[in-house]
Amino acid sequence: MALNIAVCVKRVPAPGAKINVTADEQSVDAAHLGFTTSPHEECAVEAAVQLTEEHGGEVTVLTLGPGEAEEQLRYAASVGAHHFTLIPTDGTAWDPQRTAAALTQAITNSEAAGSPFDLVLFGNESADSGGFQVGVRVAHALGRPMVNGIKGIDVADNGFTARREIDAGFEVYEVPSPAVLGVKEGINLPRYPTMKGRLASKKAVVDTAEIDAAAGGQGKVRLHRPAEQASTTEVLGDSVEAVGAVVDILEELGVLS
Amino acid sequence: MTLLAVLDHDRGKLAEASLETLTSARALAAQMGTDLHAVLLGADAEALAGQAEAGGAAVVHVAQHEVLVDYGPEAWGAAVAELAGSVGALAVTATGTDRGNEVLAQVAARMDLPFVANCTEINTGANDGGAWSLTRTQWGGSLLEDATLDAPVKIVSYGHHAIEAAPADEPGAGEVRTFTPALDGSLARTVVTDRVVLSQGVTLATAPVVVSGGRGVGSEEGFAILDELAAELGGVVGCSRAVTNNGWRPHKDQVGQTGTRIAPEIYIATGISGAIQHWVGAMASKKILAINTDPEANMVSKADYAVIGDLHEIVPAITEEIRRRRG
């Protein structure tokens, strides 16, 4: 059974030790940062590619974002995805309801023009705005089952067996196809692009789908950094000379009992 | 006129995060000037009504339905959405755990309303049905967003560990109301069908001590000394994303925004520089000890205690000193 899989990804800055906000307080200052695919979604692309390698089929990657998000679609091409759709924004962040409505429309259009998706994958949550809901909203709008936080997907008789990590193990879900799943990092270790993949990504055709949707009820006012906890680090010493002081602290905290 | 708080449990055992839910919901209900109602779902839920009452709930709704045998995001979301409508809830809240955010997203999708995840502060304003002002986390807590929420029913989660659970000054009336939601039997499609237990005892999320290693550990084998110290302390070993990406440890050991968020009594971070992706997973630790060769490392400057030096020498020496003192 060949699989037709869609994956929705988001372009996000790749911050290091600190994250700064622009002067207008509306976005992350990315002047000195690179961009990447939100980590859970990078794993979702890998999961989709692995499923189609095993069972046959094709992977369509969709992204909603600025024109530059084409870079993330071409990256997905370099690691084995087949079709690409960019839903362009003006570069401002869309709220979760608006984003979900546009993606739902894009998926519906894509299915009408081609064949229906057996599986639509999202990341568990985006690395930046972290709304924890776009995949759920899209699934509900499409009338499809949705489970988030998935760290294992296998093809089953009538759909998919999905595993979700819990504290001491995992839960198992048996979802019928067509399904929507939210993937978490750790489901796999995404591959790096091969030279052949990089070349293929340059030739990949990126479709543009001009879709807008009504704004939802969540409005951004401003971004700011949390107050730095006035923490002063007590340096216990250099190397092994500090070991006595370390164990004193462990004793004080009662973790040696 | 109610605030509806969704409590989570696993087959009759109340989730630790639900004590946070009751704590934050009491304050939110007081600010709104409304009663606090709690909702519990599923076969084993009724036994938990006493805990919801002790936590300040005036009414405890217990949803029972043949589909609600175990956790299922769609069935839970549909049941809560129905209840929110029937009790005329002005707001619905939960704690932003995997399940809490998932259920509220399902509720919001079904009610076609906005949902604001992982709030740290909420100002309900004039309580006249107008918009709320709130602060929520982005980037796993590295950044805060001031936002507005304009909706007839406000659906919000508080970030997990954003507040500390506290007992109620006095219990609520705790009136138990059992109801059977009109669930479509097809929603059983996302109910848990099985569980596999991999580890007994302490796990990364609950361990009192976490001993973690980063790139500085240098290899898979390098973690042996961390395993030994963790075992001595009754703790578990964690790691940074760099370690997972190198294949030195499985992803389930990863502390961070896309791994596990921990809150141990002490976090011992060795050879970890402390990029924000890691820091947000560790910042709820009560105390942090950083061991690093670089005194300027982000982890060192954010830690409570630091030892500057090579973890490969220091970690075994700590283990040895603990054993010596124990005789």
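To find a chain, count down the sequence lines: A is the first, B the second, and so on, and within it residues start at 1.
B:Ala290 does not touch chain A: none of its heavy atoms, backbone or side chain, sits under 4.5 Å away. Both the backbone and the side chain of A:Leu236 come within less than 4.5 Å of a heavy atom in chain B. Contacts of A:Gln97 with chain B are made by side-chain atoms alone, with heavy-atom separations under 4.5 Å and no backbone atom involved. Heavy atoms closer than 4.5 Å to chain A are found in both the backbone and the side chain of B:Ala317. Neither the backbone nor the side chain of B:Arg324 comes within less than 4.5 Å of any heavy atom of chain A. Heavy atoms of A:Glu125 lying under 4.5 Å from chain B belong exclusively to its side chain. With a 4.5 angstrom heavy-atom cutoff, B:Thr137 touches chain A only via backbone atoms. Contact of A:Val138 with chain B is not made at all, since no heavy-atom distance falls under 4.5 Å. Heavy-atom distances place no part of B:Asp70 under 4.5 Å from chain A, backbone and side chain included. Proximity to chain A (any heavy atom under 4.5 Å) is restricted, for B:Val209, to the side chain, taken from C-beta onward. Only the backbone of A:Lys18 comes within less than 4.5 Å of a heavy atom of chain B; no side-chain atom from C-beta onward does. Interface residue B:Arg136: only side-chain heavy atoms are found under 4.5 Å from chain A. In this structure, chain A has a heavy atom under 4.5 Å from the side chain of B:Lys287, while its backbone stays farther away. Contacts between B:Gln254 and chain A at a heavy-atom distance below 4.5 Å involve the side chain alone, from C-beta outward. Contacts of B:Val191 with chain A are made by backbone atoms alone, with heavy-atom separations under 4.5 Å and no side-chain atom involved. For a residue to count as touching a neighbouring chain, one of its non-hydrogen atoms must lie under 4.5 Å from one of that chain's; by this rule A:Lys220 touches chain B with backbone and side chain alike. In this structure, the portions of B:Leu149 lying under 4.5 Å from any heavy atom of chain A include both its backbone and its side chain.
Defined by atom type and a distance below 3.5 Å, a donor-acceptor pair is missing between the side-chain atoms of B:Gln106 and B:Glu102. Judged by distance alone, the side chains of A:Glu185 and B:Thr258 do bring a donor and an acceptor atom under 3.5 Å apart.
Ranking B:Ser157, B:Ser301, B:Gly77 against chain A, the residue ahead of the rest is B:Ser301, based on heavy-atom pairs under 4.5 Å. Between chain A and the residues B:Ala205, B:Ala151, B:Gly247, B:Ala306, the largest count of heavy-atom pairs under 4.5 Å involves B:Ala306. For the set B:Pro73, B:Ala109, B:Gly309, B:Gly72, the entry with the most heavy-atom pairs within less than 4.5 Å of chain A is B:Ala109. Your options are B:Val197, B:Asp150, B:Asp98, B:Leu143, and the one with the most heavy-atom pairs under 4.5 Å with chain A is B:Leu143.
Within the cation-pi definition used here (under 6.0 Å to the ring centroid, within 45° of the axis), A:Arg163 does not qualify as a partner of A:Tyr173.
Judged purely by atom type and a 3.5 angstrom limit, A:Gln26 uses its side chain to pair as donor or acceptor with the backbone of A:Val221.
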